[in-house]
Structure formats: C-alpha cells, structure tokens
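Ligands are counted one by one from 1 in listed order, and the atoms in each one are counted from 1 as well.
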Amino acid sequence: MVSWFKRDKTPDTPEAESGRRRLSAEEIAAAFAPPAASAPSVPPLGATLRDDVTRSVPAGGDDPSAGAVREAAESAFVEGPTGPATDAVPRTSPAFVDPAAALADYVFASTMPAAAPGKSGWRERLGGNTFARSFGGLFSRNPRLDEDLLDEIETALLTADVGVAASTDLVGSLRKRMKQREFADADALLQALRAELIAMLEPVAKPLVIDASARPFVILTVGVNGVGKTTTIGKLAKRYKDEGHGLMLAAGDTFRAAAVAQLKAWGERNGVSVVAQGQDADPAAVAFDALQAAKSRGTGVLIADTAGRLHTQQGLMGELGKIRRVLGKIDAAAPHEVLMVIDGTTGQNALSQLRQFNAAVNVTGLVVTKLDGTAKGGVVFALAREFGIPIRFAGIGERPEDLRVFDAEAFVDAMLPETLGA
Ligand SMILES: Nc1nc2c(ncn2[C@@H]2O[C@H](COP(=O)(O)OP(=O)(O)OP(=O)(O)O)[C@@H](O)[C@H]2O)c(=O)[nH]1
C-alpha cells in the first residue's frame, strides 16, 4: 500500500545525530500503550494509535504520506458497535501492517528538513514550456549587460505570452535600474528579473482556504470548453478527500454526457458521492439538489462542475448567474469560491475570458492548467498584473498530484535556468 513504509530504518543517520532522532516502532507503541496494571496482555493497536495518529498527523496540507499513515491506522483496527477497538488483522498474520511503524516513519519523515515549499517536480514539468526555452537560450549565451540584453529579455517575455503591458513594465524597471548602475553584470540583472517576476506573482499566490464553518463550502467551477474543469474537480476531490474533508460533487456539466460519466468515475475512484441528473438537465437544478443534499448530510465541501462555454455566448454566461442565484437561495454565502479554470496554452485570450466570466459570475480564484509541455506559461503574469485575482492552483500534468497549490517562487524558478534559482 505504502512503499514509503519500507524505507531504510537504520537509526544512525545524520538526522539522529543532529537531535532529530527517529523513534522506533517499539518506542512509539510503548509510549502509547495503556499502563501495565490495567492493560490487557496485548492491547489493540488501533485503540492506542487512532488518537495519536489524529494528533500527530495533520489532516490538511500537501503531504500525501499523512493520508497514507491515517489509512494504515484506520485499517489496522475494527471497532465493535459498543465494544472497544480490536485489531482487524491478527499481528501474527503476514497481512498485518504495523500502524505503529507507519506512525514512527511519519514522525521521522516529518522531522526531516522539508524540501523548499512545493518545488519538487515543478522544473521537470515546466522545463519544456516556451517561457523556459526562451530564457534557457538567452542565459546560455552568457550575455553582456547592455540594451541588447534588455531587448532579448523583452522578446523572450512576449514570446512566452507575458503580454505587452507586463513585459514593458518589467523591462522598463530593469532599464531604469541598469542606468542607475545597480547591476555589476548581466547575471545581477537576471537575478533582478527573477525577483521582479516573483514579486509580480506573490500577491496572487493565495491558497484556497476551506472555511470549515460553511457546511458545505461550495466551490463552483467555471471556464471555457476543454480547459480541464472536470479533470481539475477530480484532482481536487482526491486532494480534499486525502485531507480528510467530507466531499460531494455536483455533475453540473449536463451538456456533455461524457463529463457526467467522467465525474462519476472520479467519484467512484475516490469514494465520493456525485449528484447527477440526466443529460440536458438544468444545471442550476443539479446544483440546487446537490447543495440541499450536502447540507442535510453535513458534508464539508461541495464542488459543482459546469459545462464549458465561450465567454462570448451571452445566453450561456447568463446561465452561470442563474446557478449562482439558485445556490444563494439555500445559503446566501454560496458559492463560497467561484473557481475559474484557465488553459495555460490559451495565451492572451485568457484575459478576455477572465474579464467576461468575472463580469458574469464574480470569479474569486483561478486554476491555470496545462502549464506542462508546450504551454507558454507567461499568461500567468499577465493575469496577475491585470486582475489580481488569487491563483489557487496550477495544473502541471495529468496525474492527480500534478495539481499544485500555486507557488510563485517555485513557478518562476521552474521556468528560469537552474543557476539563477534560489
Ligand atoms: N497536460 C495537461 N493536461 C491537462 C491538465 N488538466 C487537464 N488536462 C487535460 O485536458 C483535457 C480536457 O479536460 P476536461 O477536464 O475534460 O475539460 P473540461 O473543461 O471539463 O471540458 P468541457 O466539459 O468540454 O468544457 C483532458 O484531456 C485532460 O486530461 C494539465 O494540467 N496538464
């Protein structure tokens, strides 16, 4: 189940010497066992561990190992309707997975120095995009500190879809600083460019926080056709499930039959209920039903899909307003998040898409997908500069774990040559 459990358990690691000592499975089990006088001869591990796992392993965050440890602890015991917990699998059975060992490994792993936040995998996924390629070429030529360098930077920014306004701002600021002799060489100027790119994105790198008091916290996803809405919902469903949120999905893309099937498949794979009606059903009715069901079940998060629509289709844009109003009849604060999914390969057209969707339904967060491969990527800067709407997630591939909480520094560094990155 969790290959990560099988890591080398040698205790004499540098971490152990530096005081971050790894606890052994026996030490953890002993620490959590009931006092000897009152203890049964072999206390059920589930009973002693469940609370400790809950206490020690955070439910939220990006750490997939946390979910795995919780799973191991949960599956290690069964609880009678009234009686105490007992071990689900006898300890002597070869199928027995020792949850104490799992927790020990988790405690050890969580004391290891953390990788820079969210960075792993970004460079591998984004390294091939136009932004990265343009800048890779520029930096490899060992440029001189002069006007030509500024021109080349401007061309690279425009080619990568950063947009005229944002590119002009960036290069204008670098030119001013160059004239004030702030840079000793081209490398110093490129470092300054990196810092300015990060500074442009930092104000919008605001993760989506699920308000636990809103039951359910309603996320309405919108966007044009084929940008990755349904796939993103599937990935979010997995993320929120792993984080321990109760979840429900509403199959509001009643236009494309495959979208309902796609969402149901994601729901089944992740053990999440999906509220759906037939094809061509009124999406506002689906959203209404789902919110009622989620409310009566006390579900923590409801994510509603909608059909893709062109921002120029006035009738369909009006339909989004209707979904919003219908949700508001059950909970005036719903939807709590209107998440617009934007395809990172769209280029500057993304700006007019966002403008129209924002006018129709008041977008509160963005997901920029398909930033991997050949995407230009630069549109993220243009979006940040023009709208300042939080970018919640970045899609850097098709696997569930490729939907990353947007991290300004990781994003910029993934697209600049490694020598420049922090
Ligand atoms: N490479 C890559 N592909 C992605 C990413 N996100 C989504 N996709 C792919 O984009 C395609 C379209 O995704 P869907 O989720 O069906 O798009 P949609 O917005 O729901 O489509 P409509 O319902 O037609 O509007 C699928 O093939 C996805 O696998 C990403 O971050 N990277």
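Salt bridge Arg239/Asp242: absent, no basic N to carboxylate O contact under 4.0 Å. A salt bridge does not link Arg123 with Asp413: none of the charged nitrogens is closer than 4.0 Å to a carboxylate oxygen.
Proximity of Thr230 to ligand 1, defined as any heavy-atom pair under 4.0 Å, is shared by backbone and side chain alike.
The shortest N or O to N or O distance between Ala259 and ligand 1 is not below 3.5 Å. Inclusion of Gly226 in the set of residues having an N or O under 3.5 Å from an N or O of ligand 1 is warranted. Every N/O-N/O distance between Thr232 and ligand 1 stays at or above 3.5 Å. For ligand 1, the polar-atom distance check finds no N/O of Leu371 at less than 3.5 Å from any of the ligand's N/O atoms. Checking only distances, Glu398 does come within under 3.5 Å of ligand 1, N or O to N or O. By the 3.5 Å distance cut-off applied to N or O atoms, Thr369 is not counted among the residues near ligand 1.
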Verify salt bridge (charged side-chain N to carboxylate O under 4.0 Å, His left out) between Glu337 and Arg392, making sure each step is shown before the conclusion.
CA-CA 11 Å; Glu337 174 83 351; Arg392 308 297 195 185; 2.8 Å; yes
Apply side-chain contact (heavy atoms from CB on, under 4.5 Å) to the pair Arg404 and Phe393, showing each step before the final yes or no.
CA-CA 5 Å; Arg404 299 295 176 92; Phe393 297 98; over 6 Å; no
Determine whether Glu182 and Lys176 satisfy the following criterion, salt bridge (charged side-chain N to carboxylate O under 4.0 Å, His left out), listing intermediate values before the conclusion.
CA-CA 9 Å; Glu182 212 180 290; Lys176 193 165 149 213; over 6 Å; no
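Atoms of ligand 1 found under 4.0 Å from any heavy atom of Asn225, numbered from 1 in the order shown, are 25 (O). The ligand atoms of ligand 1 that sit less than 4.0 angstrom from a heavy atom of Gly308 are 25 (O). The ligand atoms of ligand 1 that sit less than 4.0 angstrom from a heavy atom of Ile396 are 31 (O).
If you check which protein heavy atom lies closest to atom 31 (O) of ligand 1, you get Lys370 N, 3.0 Å. For atom 1 (N) of ligand 1, the nearest non-hydrogen atom of the protein is Asp372 OD2, 2.8 Å. Among all protein heavy atoms, the one lying closest to atom 25 (O) of ligand 1 is Lys229 NZ, 2.8 Å. Among protein heavy atoms, the minimum distance from atom 24 (O) of ligand 1 is reached at Arg256 NE, 3.2 Å. Here the protein heavy atom with the shortest distance to atom 17 (O) of ligand 1 is Gly228 N, 3.1 Å. Protein heavy atom nearest atom 28 (C) of ligand 1, with residue, atom name and distance: Thr231 OG1, 3.5 Å.
Annotation: the span from Asp407 atom CG to Ile198 atom CD1 amounts to 9.0 Å, rounded to 0.5 Å. For the atom pair CG of Asn349 and CG of Asp343, the computed distance is 10.0 Å after rounding to the nearest 0.5 Å.
In this structure, Val227 counts as a contact residue of ligand 1, since one of its heavy atoms falls inside 4.0 Å of the ligand. The shortest heavy-atom distance from Arg309 to ligand 1 is not under 4.0 Å.
Glu154 has its side chain out of reach of Leu157: every pair of non-hydrogen atoms, C-beta onward, lies at least 4.5 Å apart.
Ring planes of Phe381 and Phe411: tilted class, angle from 30 to 60°.
Using a 3.5 Å distance cut-off with no hydrogens or angles, the side chains of Glu196 and Ser173 do pair a donor with an acceptor.
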